[in-house]
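One-based numbering, in listed order, for ligands and for the atoms of each.
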Amino acid sequence: MKLPRNFFKPLAIGAPAPLREAPLKLERMIHFVPPHVEKVRAKVPELIHQVDVVLGNLEDAIPADAKEAARRGFIAMAKANDFGATGLWTRINALNSPWVLDDITDIVGAVGHKLDVIMLPKVEGEWDIHYLDQLLAQLEAKHGVKKPILIHAILETAEGVNNVAAIATASPRMHGISLGPADLAASRAMKTTRVGGGHPDYKVLADAAAGAPAAPRAAYQQDLWHYTIAKMVDACAAAGIKAFYGPFGDFADSAGCEAQFRNSFLMGCVGAWTLHPSQVAIAKRVFSPDQAEVAFAQKIIAAMPDGSGAAMIDGKMQDDATWKQAKVLVDLARLVAAKDPEMAARYGL
Ligand code: GLV
Ligand code: MG
């Protein structure tokens, strides 16, 4: 076991000290762009104002013969833009692929000082995080990167799900974890052909009516992802990092997308991936705190200025614990308001 006092030491001489607290950032949607497509890169300056995170995707969905162009395109788009408060992330290729070493070394060398987070696909266990952690420290030291680049793992293999708690606590670089339902379905041999969302055949059938066994029976579709999201949220919350729902592949089904995003939000996720522009508004709607909840949270904070004691508000008991929940909501609302004038007006902030 690594000694606790060494956990927060840099892994290379000259690398920046690991962060002790995760940066407070608004990350309602991680918006995927294919960086080898010039037309898409040209729209990045506009996109920066519309989304919370811009992610240059180098992994799945990028054809093998475009991998190098995607890497070069990502570096070009990172250099060409000022991202301000919007996050700049990349999803690199998997650790067993022929492209990943150049993904990491070229990108950190060229734009490591601008990169917030590396998303690592197909993480199987804490050993994958340790490898990237050490390599990033060496590269940060070599290139004089001052701010540690964080790691975000995709949970998309059965082995990864088994090891999720160890993955979440593998390094102080861990930013969070996203569910990857498409690869996870394949890894588990689930009998689906979808990218996230439910399945009409995964259902519970109501009991047959007494004396009418052949009468039609109500069927209730269940959430295929409930178990995995719950397991991921517990691992992330216990480690003090963030949980995200991943992709929803049916771009025409906005109601299905919203329902999937909302289930994950209610269970503790803070954001989701957006693969299509139409999903950005859905993620904003779902992952921004509710206006009425924010107004109530402001009342709690006003009634208990130092955060201790007890108060009754609208007939509901408040104490130190609800004050902390209120603070989470108001802090999140402030982050949203700083980015989004329309939401600022709604929250009255
Ligand atoms: C995402 O990468 C997924 O496999 O769902
Ligand atoms: Mg995947």
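- Between Asp201 and Lys191 there is no salt bridge, since no side-chain nitrogen of the basic residue lies less than 4.0 Å from a carboxylate oxygen of the acidic one.
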N/O pairs closer than 3.5 Å, ligand 1 and protein:
from	atom 1	to	atom 2	distance (Å)
ligand 1	2 (O)	Arg91	NH1	3.0
ligand 1	2 (O)	Glu156	OE1	3.0
ligand 1	4 (O)	Glu156	OE1	2.9
ligand 1	4 (O)	Asp183	N	2.8
ligand 1	4 (O)	Asp183	OD2	3.1
ligand 1	5 (O)	Pro181	N	3.1
ligand 1	5 (O)	Ala182	N	2.8

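- The minimum heavy-atom distance linking Val111 with Ile75 is given by the pair CG1-O, 4.0 Å.
- Looking only at distances, a side-chain donor or acceptor of Asp52 sits under 3.5 Å from a matching main-chain atom of Arg28.
- When distances to the Mg ion (ligand 2) are checked against a cut-off of 2.8 Å, Glu156 contributes an N, O or S atom below that limit.
- A tilted orientation is assigned to the rings of His152 and His175, their planes being inclined by 30° to 60°.
- Shortest distance from the Mg ion (ligand 2) to Asp183 is reached at OD2 (N/O/S atoms only).
- The aromatic rings of Phe287 and Phe261 lie tilted to each other, with the angle between the two planes from 30° to 60°.
- Arg20 forms a cation-pi arrangement with Phe8, by the criterion of a distance under 6.0 Å to the ring centre and an angle within 45° of the ring axis.
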Any chance you could lay out the side-chain hydrogen bond (donor to acceptor under 3.5 Å, both in side chains) test for Arg91 and Ser178, step after step, and finish with the verdict?
CA-CA 12 Å; Arg91 176 169 80 165; Ser178 285; over 6 Å; no
